[in-house]
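Just below is one structure, and these are the notes that go with it.
Below, read A as the first sequence line, B as the second, and so on, with proteins coming before strands; counting in each chain starts at 1. Not measured: the values here are computed from a predicted model.
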Amino acid sequence: MVDLITEIVLMPIIEIGGIMLVKTVGPVGAKIFFVGETPGEEEDKYGTPFYKDAPAGRTFNSLLTLAGISRAECLVGNVARERPPGNKISFFFEDKKCTIPKQILKKWIEDLRQEIDINQPNVIVALGGTALWALTGEKLISKFRGTVMESTLCPGIKVFPTYHPQAVNYTWPLHFTVVMDLRKAAYHSKFSGMPPDKRVLIEARNIDQFISYLREIKEDTISVDLEAAQPGSHITIVGVASSPTVAMSIKIVSGNHSRYSRGEELLLWRELGKVLTSKKLIMQNAAYDTGVLLLNHGINCINNLWMDTLLAAHCLWPETPRDLGYLASLCLDVPAWKHTAKDDPAMYNAADAANTFGIAEFLYKELKRTDNLKTFEFEMSEIAPSLLMQLKGIPVDLTARDELVKEHTNIYKETEAELNKILGKKINFNSSKQVQNLLYIDLGLPVQYKRRKKASDPRKITAGAEAIKKLSKLVPNNPIFNLLLKYKKSFKLVSSFLEIELSPTGRVHTSYNITGSATDDTGRKSFGRWSSSESIILPYGSGNLQNIPEEARKMYRAAPGYVILQVDKVQAEAVVVAYLANDFKLKKLFKDRFNAPFAEKGQFDVHKFTAVHMFGVKFEDVTKELRTVGKTLRHAVNYSAGPGVVSAKLGCTMTVAKQLLEKYFNINPQLRIWHQSIQNQLRENRTLTTPLGRKHKFLERWGDGLFRSAYSYIPQSTVGDLLNMDLVDIYNEAGKDIDILIQLHDSIYFHIPEKDISAVQKLCLKYMLRETEINHDTMIIEADFKAGPSWGEQESISY
DNA sequence: GATTTTACGTA
DNA sequence: CGTACGTAAAATCT
């Protein structure tokens, strides 16, 4: 019977009272059926769903191409067949939350059901939340995308949800996820029915059962996952998988009580310790699990790590989310399980363990295929030093801290009182809104706006420090500006950096994150630099240790007889840029500096060099001010900053800033060429590779924002990686003997006995002068040293 | 009470 | 129209 129909759409366009009916199109018996939401303006005009020249249709087609799917072989339709007023799907629902469909929508869903029934596709791809709801009754696309579901509308038929192409248009980085999803959908179009779930996930009834499971594991690799209660990171559940399909978990804690006797628990930890120190281990975010095991149970299994799936995913896809649920949706064919954490934590944990194993196997193949194994192994080697730095913490001198708190609390309180007196009323100067009202309404000053990232961004009013500085120039002799700045500075210092909780031993801890940021899930920029954030294992301190201001650094003091020694990569990013841009003059300067004896190195200062070329003065005659101009311009231009930044930094007018920039570019034409070459590389496949082999695909919209992000990528990433290589080597050689305190992107701090200074300097130099090939030349970034009684009081020392 | 915005510290 | 990062406090949402 079906044979009689060659195309579903015999009459795609039917006009009813001026509104087009947009029907499903495509060949009968297609294996994939794409279902969207409603027709848009163009679809309505031409009667075709995802019309090729409509915004969503254009994106849809390009996503299909990237996923290797031929649209001609697919059915394509929408849930709603007419365009609602204002393109709002809620028009077809009785209620605001879009759960009760109106009669007409019910009829369209029945049409959809019949189309599915006639065609019997192997997979229906639900594009967006409405299609997901119509086909399965579920609403949250972000929760279910990437996982196979069974249709409730047509039982027995697979539904595979992903984002709507229009969502990709709004948030372009989603396209990576959608392409990955579509590839998986293409795989599912090859067979009908739900994929069998072969996993055996078991919650152990008691310790004995868990221990016998551990003892019987024959495989040499296992994956491990812990659940822990905060604060204190007390382990509540342990899960171990011996393969992607076999996992067992055991609940150790119920409520606030251990479920087992002390003796039983000790037995468990002993047996677990044996397994963890004899097998190769897979973990997701191993630094946390290994850290908790080491700190709370004395189990040190760091050297047994084979793969941290977080790091593997970071090396492969640094631009995407990397939580386990997301990775599973890309790599595996398992049902979504992340929402079961509360209802059945033990099974949830077992699923975590098993899925981590499966993800690891997938990622390993991908790392190999894409030539990323070296970067991955390097990142794995960073786990031990970063974790031990976290656990060790850095010492705080309580007396110094209290004095600083007292001093700066006085400053902001006095400043506040003075301001209130001048203004004749009380204002919260930490409130941006109140300060804006004060400046722009009460005082009627010219409104200051934030610098925009894009010309198309809306202008935003600001009352930040930069705006206040500008106003103080416009209105001289008004004392409130300086008072405001003083208040903000000291308040911030006290609240964010001085009044912090210390550990019982008076230390501060931070978690060094090898994979960088994790804040939002629409594309990240992690370039291989570490980030620093609050340690969940030891939650003491200000969290981020990479943004402590100089004043607050004074409270981090060395023990008696000890010093804090700092090693810096000299002008690191400027050196990398010089080699990337192939700036011969500059490269020669850096090489000459390297070959000069220590006492003469000051004669090869890059910023003075810039000033010499900019202003035609002699090297000896470069003033401090001219050097600052040179430094600011080099920095600004390297990263394609504009005159706004230069004028703000130098305190000059925009006109002067523009002239300076122009002059700089004329003297350094290589920079424009280098920027152009970055753009050319992006044009090829949006991917940049650093001299150390780290790759990053830039998913943002094509344009200046993308370019600027890309310009900064190679220098930042290369310097970060080189410093971490140094740190790993130094740790591997001497981590047991010397205390590595802090990593600050291009410098490392040590806490060492004063008598060891020159030995540690030697150790640093042994590794830090490593050679890197760039543009068929050999780059060496120099190192220099400072030391002092505290982190905030550091003096240069020779070597 | 949870989430978003604004501002600000470092490299 | 520098980039990258994390956090505190205020504002805003539900």
Side-chain angles (χ1 to χ4, degrees), chain A residues 318 427-436 449-468 484-485 488-500 510-513 515-520 524-535 539 541-553 568-569 571-574 577 632-646 648-649 657 661 671 675 696 698 700 703-717 719-720 723 742-748 791-792:
Chain A
I427 281 183
N428 180 354
F429 299 104
N430 296 314
S431 157
S432 50
K433 219 182 164 196
Q434 290 180 36
V435 176
Q436 277 175 24
Y449 296 93
K450 265 194 235 172
R451 255 199 313 280
R452 292 172 289 183
K453 301 245 168 190
K454 277 186 263 165
S456 57
D457 286 346
R459 289 210 298 181
K460 271 191 178 168
I461 297 175
T462 176
E466 205 178 298
I468 294 172
L484 266 173
L485 292 172
K488 280 176 175 239
K489 198 156 199 102
S490 47
F491 187 91
K492 173 96 173 162
L493 185 69
V494 173
S495 62
S496 292
F497 302 110
L498 296 176
E499 284 192 324
I500 52 174
T510 190
S511 164
Y512 285 109
N513 313 308
T515 59
S517 83
T519 38
D520 70 301
R524 44 210 69 220
K525 318 231 159 149
S526 176
F527 290 174
R529 272 183 165 194
W530 288 3
S531 79
S532 157
S533 61
E534 184 189 281
S535 164
S542 56
N544 184 355
L545 250 171
Q546 288 174 328
N547 70 341
I548 309 291
E550 201 172 341
E551 183 70 2
R553 292 180 180 189
D568 264 63
K569 286 197 168 299
Q571 310 282 1
E573 289 193 15
V577 171
T632 306
L633 285 174
R634 175 167 300 281
H635 215 203
V637 170
N638 277 356
Y639 301 120
S640 177
V645 171
V646 173
K649 284 236 164 101
L661 280 171
L671 272 163
H675 284 170
H696 192 101
F698 290 81
E700 303 127 88
D704 280 354
L706 168 73
F707 297 153
R708 274 201 305 273
S709 197
Y711 300 150
S712 67
Y713 167 61
I714 295 184
Q716 276 193 7
S717 171
V719 171
L723 184 89
I742 299 159
Q743 189 267 30
L744 256 179
H745 303 308
D746 62 1
S747 64
I748 305 170
W791 181 12

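- Between Thr462(A) and dT6(B) there is no side-chain N or O to OP1 or OP2 distance below 4.0 Å.
- Residue Ala572(A) is classed as having no contact, given no heavy-atom separation below 4.0 Å to the nucleic acid.
- Between the CD atom of Gln716(A) and the P atom of dT3(C) there is a distance of 10 Å, rounded to whole Å.
- Annotation: of the two residues near DNA chain C, Ser432(A) and Arg451(A), the 5′-most nearest-nucleotide partner is Arg451(A).
- Residue contacts for Lys649(A): at a heavy-atom cut-off of 4.0 Å it reaches a base atom on one of the strands shown.
- Listed candidates were dT3(C), dT7(C), dT6(B). Nearest to the side chain of Asn544(A) is dT7(C).
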Which dot-bracket notation, 5' to 3', represents the base pairing of DNA chain C when pairs are defined as Watson-Crick or G-U with both distances under 3.5 Å, crossing pairs as [ ], and inter-strand pairs as |? ..|||||||||||.

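- Contact annotation: Ser709(A) side-chain N/O to dA4(C) OP1/OP2 distance is under 4.0 Å.
- The phosphate of dT7(C) (OP1 or OP2) has no side-chain N or O of Lys492(A) nearer than 4.0 angstrom.
- Residue Glu534(A) is classed as a sugar-phosphate contact, given heavy-atom separations below 4.0 Å to backbone atoms only.
- Which of dT3(C), dA11(B), dC5(C) sits closest to the side chain of Leu744(A) comes down to dA11(B).
- Whole-Å rounding puts the Asn428(A) CG to dA8(C) P distance at 17 Å.
- Whole-Å rounding puts the His745(A) NE2 to dA11(B) C1' distance at 5 Å.
- No contact: Ser747(A) has no heavy atom under 4.0 Å from any strand.
- Aromatic ring centroids of Phe429(A) and Phe491(A) lie 6.0 Å or more apart.
- Residue Lys489(A) places no side-chain N or O under 4.0 Å from the OP1 or OP2 atom of dC8(B).
- In this structure, the NZ atom of Lys454(A) is 14 Å from the P atom of dG2(C), given to the nearest Å.
- The base of dG9(B) is paired with the side chain of Asn547(A) by a donor and an acceptor separated by under 3.5 Å.
- When distances are taken from the side chain of Pro549(A) to each of dT3(C), dC5(C), dG9(B), the shortest belongs to dG9(B).
- Within the 4.5 Å cutoff, no side-chain heavy atoms of Phe707(A) are placed close to those of Ser640(A).
- Residues Tyr639(A) and Tyr711(A) keep their aromatic ring centres 6.0 Å or farther apart.
- For Arg708(A) and dC1(C), a side-chain-to-base donor-acceptor distance below 3.5 Å is present, hydrogens and geometry of angles not being considered.
- Between Lys488(A) and Ile468(A) there is a side-chain heavy-atom pair separated by less than 4.5 Å.
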Full working for side-chain contact (heavy atoms from CB on, under 4.5 Å) between Asn544(A) and Phe497(A): CA-CA 10 Å; Asn544(A) 184 355; Phe497(A) 302 110; over 6 Å; no

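- Residues Thr510(A) and Ile742(A) are not in side-chain contact: their nearest non-hydrogen atoms beyond the backbone lie 4.5 Å or more apart.
- Rounded to an integer number of Å, the gap from CG of Leu545(A) to C1' of dT10(B) is 11 Å.
- Nearest to the side chain of Asn430(A), among dG2(C), dA10(C), dA11(B), sits dA10(C).
- Note on ring orientation: taking the six-membered ring where Trp is involved, the planes of His696(A) and Phe698(A) are tilted (angle from 30° to 60°).
- Within the 4.0 Å cut-off from OP1 or OP2 of dC8(B), at least one side-chain nitrogen or oxygen of Lys488(A) is found.
- The side-chain heavy atoms of Gln546(A) and Gln743(A), taken from C-beta on, include a pair separated by under 4.5 Å.
- Lys433(A) comes within 4.0 angstrom of sugar-phosphate atoms only, judged by non-hydrogen atoms across all strands, and of no base.
- Note on Asn638(A): nothing from the nucleic acid sits closer than 4.0 angstrom, heavy atoms only.
- Within 4.0 Å (heavy atoms only), Arg553(A) reaches sugar-phosphate atoms of the nucleic acid but no base atom.
- Here the nucleotide nearest the side chain of Arg529(A), chosen from dA11(B), dC1(C), dA7(B), is dA11(B).
- Proximity note for Phe491(A) (side chain, C-beta onward) versus dT10(B), dA9(C), dA4(C): the nearest is dA9(C).
- Looking at Asn513(A), its side chain never comes within 3.5 Å of a backbone N or O of Thr515(A) through a donor-acceptor pair.
- Ala552(A) comes within contact range of no nucleotide atom at all, as no heavy-atom separation falls under 4.0 Å.
- Under 4.0 Å is where a charged nitrogen must lie from a carboxylate oxygen, and between Arg529(A) and Glu573(A) at least one such pair does.
- Looking at which nucleotide of DNA chain C each of Val645(A) and Ser495(A) is closest to, the 5′-most match is held by Val645(A).
- The distance from atom CZ of Phe429(A) to atom P of dA8(C) is 23 Å, rounded to the nearest whole Å.
- Rounded to whole angstrom, the span from the CD atom of Gln434(A) across to the C1' atom of dT6(B) amounts to 14 Å.
- With rounding to whole Å, Leu633(A) atom CG is found 13 Å from dG2(C) atom C1'.
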